[in-house]
Amino acid sequence: MRLSNYIVNTSKEIPKEAEIASHQLMLRAGMIDKLTAGVYTFLPLGLKVLRKIEKIIREELDRIGALECLMPVIQPKELWEQSGRWEKMNDLMFRLKDKNEREYCLGPTHEEVITDLFTRIVKSYKDLPVSLYQIQLKYRDEIRPRFGVMRAREFVMKDAYSFHKDKKCLQKTYDDFYKAYTRIFERLGLKFRVVEADSGNIGGDSSHEFMVLAQTGEDDIIYCENCNYASNVEKAKGRFALYDNSEFDLDEKKEIFTPNVKTIEDMEVFFKRSNKNFIKCVLYKNEKSEFFICLIRGDLEINEVKLAHIISGEFAIASEEDLINLAGIGKGSLGPIGIDSKVNIIADISIKNTKNMITGANKKDTHIQGISSDDINIKKYYDIHKVDSTFKCSKCGENLKIERGIEVGHIFQLEDKYSKASKACFTGESGKELFVMMGCYGIGVTRIIGAAIEQNYDDNGIKWSLALAPFLVNIIPVDIKKDEIVLFCDKIYNELLNANIECCYDDRNFRAGFKFKDSDLIGIPYKLIVGNKFLEKGIIEIEERSSNKKYDVDAKEILPFLNERLK
RNA sequence: CGGGGUGUGGCGCAGUUGGCUAGCGCGCCUGCCUUGGGAGCAGGAAGCCGAAGGUUCAAGUCCUUUCACCCCGACCA
């Protein structure tokens, strides 16, 4: 590609709207252009990178026998009512009506469509298992789109769905996808980690996320330094530090007047004890106006994703008003003892067998001391705590670490959740109708571009891996007024094209420095510089973007040199 | 949805207590010059100041409404 014919829409100015490196660089390199919040055009350069990612994904999925298809973006409301998600995904969906007032949404995902499709294309166990995938635009009206392609409202996703006669078969395909995903992210040259994950509102049991490690990630990953345990913090299990407070004499069980003591920090100061001696109480309310008081040791935090498995429906921390109506108190004095009997008690296992604890007394400005877990009407203990780096690995007991990650892939075993809702059946070997078992596998294709840049950039711009670079080599004539240079560049350009080496040729009438800057910003792995050294000694300077190393290469040796490097 | 902020040539911004022809940098166009890390000089094009309404002799500037975009939060009693 001659750059004189290309759109090189680069900028040295840092765009105001972009916060993180990948977003800034994608805009500056002219890869994307924003139309409106969270909606981007992929310019030729950005599209080239996108296509490279798609190609790798296709190759690896085809290898495990998945079949590509393309499903509609526009999906009828009825399909979503059937699965019960028309209401549930309320805020997330873009909706529209046709001229007859029929309602539709722009697909935020395709479980509904594929399950419906399944009922028409598969009838018998003989057709199973089968896996279908597509690379398609998805539409999600995110609460807050940000970071460019990282959290966009229109984005490209690879989604795949597998169908099975039983769980065992599903597990096998799940493992195939796991391996294919691993190969995909390895080929993309990303540093990533596979973690256990909560399956969220998509449902299902077993689930793994593929996380690209980056400071700017929106997820916290917990992993063990010693064994292979790794999990999204949303799901992570660990051993919290045990705490023995027998160093203190057993307090008399009584109420203490505690004016202005509201937070756990306030309590530490007031009682002169560490936060492990307190029971933290948080009141939640769900959409049915049921109340839940959650009890957890004062040094720990509640993990609401775990709570979502216990409390049904949407829920949130109760308002100050609710607190007053329910217990007649404001913040800070809530406690499990003497609380209104219609409030459900959800106790974290960190409370189990505790003694001599201090907690709210359900009375204004009052706490109660000398409480043991036996004093509270706890029917069952749950794991509702958030794991952090103070925890030990529950598998091997070693230290846990925490790191930020960008979720680029997620695989789920849906089992029969959607097939039951959509009555997706097949005829089994016995002749009876059975619900099909399903798996679901996603990759955020456009998000990968951002993630890859977050891992590979410097002050000058993007540093593409060979797998993703829009061009592998950039031929740069230092002075296009010198015929000798231009003639040689034309020649080597044709040679590279004939050798199927993806290259561009910066034949624009700019000064050399300008072209170097552009090349580095865009992130082309190799610059082939034809200048004074060529005129004097027939030597071409080849500069490697990743290492900043420069190689003097004889004009005749260029192809072998590049072939060696680009292998 | 709550809080904060910003809307002025393509981009980034300035524009005082309302006042005359709305500026600057980058980019763009023309010419000269230059060609190894985003050069220099000269000339030029490009704006109903986000939108609507109002106050005023006079509005980019004041008031009201509205839209868009950005940031923080939507969670620990």
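Chain letters run A, B, ... following the sequence lines, proteins first and then strands; every chain starts at 1.
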Does the structure show a Watson-Crick or G-U wobble partner for [N], both distances under 3.5 Å? Name it, or say none.
N      : value
C41(B) : G31(B)
C1(B)  : G73(B)
G9(B)  : none
U21(B) : none
C62(B) : G54(B)
C49(B) : none

Parallel, tilted or perpendicular: which one describes the rings of [X] and [Y], with boundaries at 30° and 60°?
X         : Y         : value
Tyr284(A) : Phe315(A) : perpendicular
Tyr505(A) : Tyr493(A) : tilted
Phe471(A) : Tyr6(A)   : perpendicular

Using atom [atom1] in both nucleotides, what's the gap between [N] and [M] to the nearest angstrom?
N      : M      : atom1 : answer
U64(B) : C72(B) : P     : 28 Å
U34(B) : C41(B) : C1'   : 11 Å
C24(B) : A58(B) : P     : 29 Å

Please work out if [X] contacts a base, only the sugar-phosphate, or nothing of the nucleic acid, heavy-atom cut-off 4.0 Å.
X         : value
Ile14(A)  : nothing
Leu334(A) : nothing
Ile476(A) : nothing
Leu521(A) : base
Lys12(A)  : base
Arg146(A) : sugar-phosphate
Glu19(A)  : sugar-phosphate
Ala318(A) : base
Asn532(A) : base
Ile296(A) : nothing

Nearest atoms (heavy-atom pairs only) where Leu45(A) meets Gly30(A): CB-O, 4.0 Å

Quick check: any donor-acceptor pair below 3.5 Å linking the side-chain of [X] to the base of [N]?
X         : N      : result
Asp518(A) : G38(B) : yes
Lys482(A) : U35(B) : no
Glu541(A) : G36(B) : yes

Closer to the 5' end of RNA chain B via nearest nucleotide, is it Lys386(A) or Lys533(A)? Lys533(A)

To the nearest Å, how far apart are [X] [atom1] and [N] [atom2]?
X         : N      : atom1 : atom2 : result
Asp552(A) : G36(B) : CG    : P     : 17 Å
Ile480(A) : U34(B) : CD1   : C1'   : 12 Å
Arg511(A) : C33(B) : CZ    : P     : 15 Å
Lys515(A) : A39(B) : NZ    : C1'   : 14 Å
Phe315(A) : A74(B) : CZ    : P     : 14 Å

Salt bridge or not for Lys280(A) and Asp299(A), using N-O below 4.0 Å? no

Hey, is Asp518(A) close enough to Arg508(A) for a salt bridge, meaning N to O under 4.0 Å? yes

Does a side-chain heavy-atom distance below 4.5 Å link Val387(A) with Leu400(A)? yes

Taking the side chain of Lys280(A) as heavy atoms from C-beta outward, which of C76(B), A74(B), G38(B) is closest to it? C76(B)

